[in-house]
Asker: 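Please find one structure pasted underneath; my questions will follow.
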Amino acid sequence: QLNFSDALVLLLREVLNRIQFRYNQAQLEELDDETLDDDQQTEWQRYLRQSLEVVVKVMELLPSHAFATLFPVLQEDLDVYLGLQQFIVTSGTSRRLNITAENDCRRLHCALRDLSSLLQAVGRLAGYFIGDVFAARFNDALAVVERLVEVTCYGSQISLYDLETAVPSVLKPDLIDVHAQSLAALQAYSHWLAQFYSEVQRQNQSRFISLVTSTMDATAPLITAKVPEKLLLSACHLMVSMATTVRPVFLVTLPAVQNIFNLITESQTRRLPQEAHMLVCRALSNMLLLPWSNLPESEQQWQTRSSSHASLLAALTRHYRLLRGTANQPPHRLGLEDTKAVLHQTLPVLRDIVDSISGESTKSRQICYQSLQESVQVSLGLFPVFIQQPDVTDEMLSFFLTLFQGLRVQMGVPFTGQIIHTFLSMFTREQLAASILQEGSAGCRVVEKFLKILQVVVQEPGQAFKPFLPSIIALCMEQVYPIVAERSSPDVKAEMFELLYQVLHHNWRYFFKTSVLASVQRGSAEETMENEAQFSAAMQAFGQSFLQPDIHIFKQNLSYLESLNSKHKLYHRKLFRTSMLFHFINVLLQVLLHKSHDLLQEEIALAVYNMASVDFDAFYSAFMPEFLNGCQGVDANQRAVLGRNFKLERDLPSFTQSVHRLVNDLRYYRLCNSSLPTGTVKL
């Protein structure tokens, strides 16, 4: 009889057969591999992905069986691929694959498509060889990795992507795809390589060193603009993983890696495509910046790495730093496009470099900032020159936002202050209005990023940036708010309210000074209020937003108020309690009555409860009668019934029930009254 594991192995065999052209060509040829669906996948890719999910599931349950089934199948197709070398004919400068018979070409096409799918399958299994099972499954994983290294080296040495073939429209993409998939599969084993490295750190590393060296030998020749982009990007991603995940100490010294350094830093005539260029720069920067695992601080060679990083970035920003000269005069039309091109090429690369180390040790961030310092100053100098060019300011502010998020400590207070000062003085009311009014434009994105930078600043602990608070609040309330208040501008509005919330939450004492004595005596002394006008303006803006149709802003702002209440007792503060509380409750009840934000019923009822519970007596004796008196569309008798039915509850569930009942009854009365002939009810 068949047991569970036999059944699973049969399933695995069947699924593997179903994705291979040699067993299932008729069905697979019918799958479309051109048109992308909503998930950016073709029909074929979706079919393959779903089949591979089954392979992975079986691997999870029966690792050794699954591996024993899959690996021999992969080996067969690899033998075909590795045997292609004998069919290469060289004449003069051209190299041709001498397989021409239609039947042979079709068989080769099937074998290559299958190999590509099986390589993806092997890549998906990488996670099952690491962690606790590393030692137990070491030999299997080593067999896979050695095979993948051999295949990638072979592909790069005989550069199969460059061959002329009998059916170029079919076989050429097949050869490129297999090569790209072999690099991607090897990349999937980078975590396994990292664990291998840490296990052999103090022992004989020769096997590990040879795997890494060969991997880089396979990768380096592909990093050139002549290689098809699909293959180039696979090589770049593999290199990033070697630098970031595996982090071998000797990586930088490998001749293959040195070649890539030279390629990137020499003033190249043919640049790599932007995405590839960015990945290679990230990999080279990470090799020099990321701490080597399992080594003490004294063996990190920071000095050497720091000077190498400085020269790497000096080379990458060579043209950008020359723009310093143009900052004093407005750019001429002729030079403007060139200047913009340099800017758009350089800043995304620098941003990516900062981004990839922002969570790392202080030392890495320090070295990174030292290497970047001059470029940051150039950027600040250029900012006023380009303030009228939203596409450029957008790029610059993205860069500054990344700097503020990742390196603000390294930039230091004086320089950070200078940056904020420059921005605040450049974003005049006219400038902001011009930017915000083109919704969805680069101008809008510029303002959003500027507000995001200020969010980072106001969250900073300590006193350093407190002097900027008045001008940041003024910018919000006097410049941005009047422009967005009556418009939808959802993105700018969301960032502006987030900034207001962060100002209030992280700088509560800017508004409410509590003496030590008062906090000891718990509430016997009232807190002293400062900057009251700014606080009231902010609260008014929050209140105003509840009267508008945008449900996302409504939800976000309601949660901000609730958060300020739970963290700082907002609703209990004297100013709020005496002059704002009832206004807010009134607005929230009106929203429930209008049914405009029904999705948020629960959140609104909870907020009303939290506000009412500050002083239930006042709520029931003063607010409710006043609220019912102001209700349009009901008569005195109906008001009295509504008042009687609203029970004096103090626990949340009963209170919420009362609120929903009040709202429903009031709606019902209005509906009835409005459908009666005029004059029937005295309203």
Asker: Between T346 and H319, do the side chains contain an N or O donor and an N or O acceptor separated by less than 3.5 Å?
Answerer: no
Asker: Counting only heavy atoms from other residues, nucleotides and ligands, does the tally under 6.0 Å from NE2 of H344 exceed 12?
Answerer: yes
Asker: What class does the angle between the rings of F423 and F383 fall in, given that below 30° is parallel, 30 to 60° is tilted and above 60° is perpendicular?
Answerer: tilted
Asker: Are more than 12 heavy atoms from other residues, nucleotides or ligands located less than 6.0 Å from atom NE2 of H191?
Answerer: no
Asker: I'd like to know if R247 pairs up with E360 as an ion pair, taking the criterion as any Lys NZ or Arg NE/NH1/NH2 lying under 4.0 Å from an Asp or Glu carboxylate oxygen.
Answerer: yes
Asker: Is there side-chain contact between Q41 and R49, with heavy atoms separated by less than 4.5 Å?
Answerer: yes
Asker: Given side chain to side chain contact (heavy atoms under 4.5 Å, CB included), test Q479 with T428 step by step and report yes or no.
Answerer: CA-CA 8 Å; Q479 300 192 3; T428 58; 5.7 Å; no
Asker: Got more than 12 heavy atoms from elsewhere within 6.0 Å of CZ, R207?
Answerer: no
Asker: Do F450 and F427 make the cut of ring centroids closer than 6.0 angstrom?
Answerer: yes
Asker: Are any side-chain N or O atoms of D77 and backbone N or O atoms of L118, one a donor and one an acceptor, separated by less than 3.5 Å?
Answerer: no
Asker: Indicate whether any N or O donor in one side chain lies under 3.5 Å from an N or O acceptor in the other, for Q40 and Q45.
Answerer: no
Asker: Tell me whether the count of non-hydrogen atoms from other residues, nucleotides or ligands lying under 6.0 Å of CD in E299 goes above 12.
Answerer: yes
Asker: We want to know whether R271 and Q274 form a side-chain donor-acceptor pair, criterion being a heavy-atom distance below 3.5 angstrom.
Answerer: yes
Asker: Run the salt-bridge test on E164 and R95 with the 4.0 Å N-O cut-off and return the result as yes or no.
Answerer: no
Asker: Whether E498 and K452 form a salt bridge (side-chain N of Lys/Arg under 4.0 Å from carboxylate O of Asp/Glu) is what I want to check.
Answerer: no
Asker: For the backbone of G406 and the side chain of S358, can you confirm whether one donor and one acceptor N or O come within less than 3.5 Å of each other?
Answerer: no
Asker: Would you call V212 and L254 a side-chain contact if the rule is heavy atoms closer than 4.5 Å?
Answerer: yes
Asker: Side chain to side chain contact (heavy atoms under 4.5 Å, CB included) between Q258 and V252: does it pass, once the steps are laid out?
Answerer: CA-CA 7 Å; Q258 286 298 318; V252 179; 3.9 Å; yes
Asker: Under 6.0 Å between the ring centres of F404 and F400?
Answerer: no
Asker: Out of L78, D177, V151, which one pairs with L115 under the side chain to side chain contact (heavy atoms under 4.5 Å, CB included) rule?
Answerer: L78
Asker: Does the S198 side chain pair with the main chain of Q195, one donor and one acceptor, at a distance under 3.5 Å?
Answerer: yes
Asker: Examine the side chains of T244 and N286 and answer whether a donor and an acceptor come within less than 3.5 Å of each other.
Answerer: yes
Asker: Could you check V392 against L382 for side chain to side chain contact (heavy atoms under 4.5 Å, CB included), going step by step and ending with a plain yes or no?
Answerer: CA-CA 10 Å; V392 180; L382 286 174; over 6 Å; no
Asker: Determine, step by step, whether S379 and L347 satisfy the side chain to side chain contact (heavy atoms under 4.5 Å, CB included) criterion, reporting the C-alpha distance in whole Å, the side-chain angles of both residues, the deciding distance to 0.1 Å, and the verdict.
Answerer: CA-CA 9 Å; S379 306; L347 289 182; 4.1 Å; yes
Asker: Would you call R445 and E448 a salt bridge, using N to O less than 4.0 angstrom?
Answerer: no
Asker: Parallel, tilted or perpendicular: which one describes the rings of H179 and Y161, with boundaries at 30° and 60°?
Answerer: tilted
Asker: Identify whether NZ of Lys or CZ of Arg in R137 sits under 6.0 Å from the centre of the six-membered ring of W192 and within 45° of that ring's axis.
Answerer: no
Asker: Could you tell me if the side chain of F138 sits less than 4.5 Å from the side chain of V133, heavy atoms only?
Answerer: no
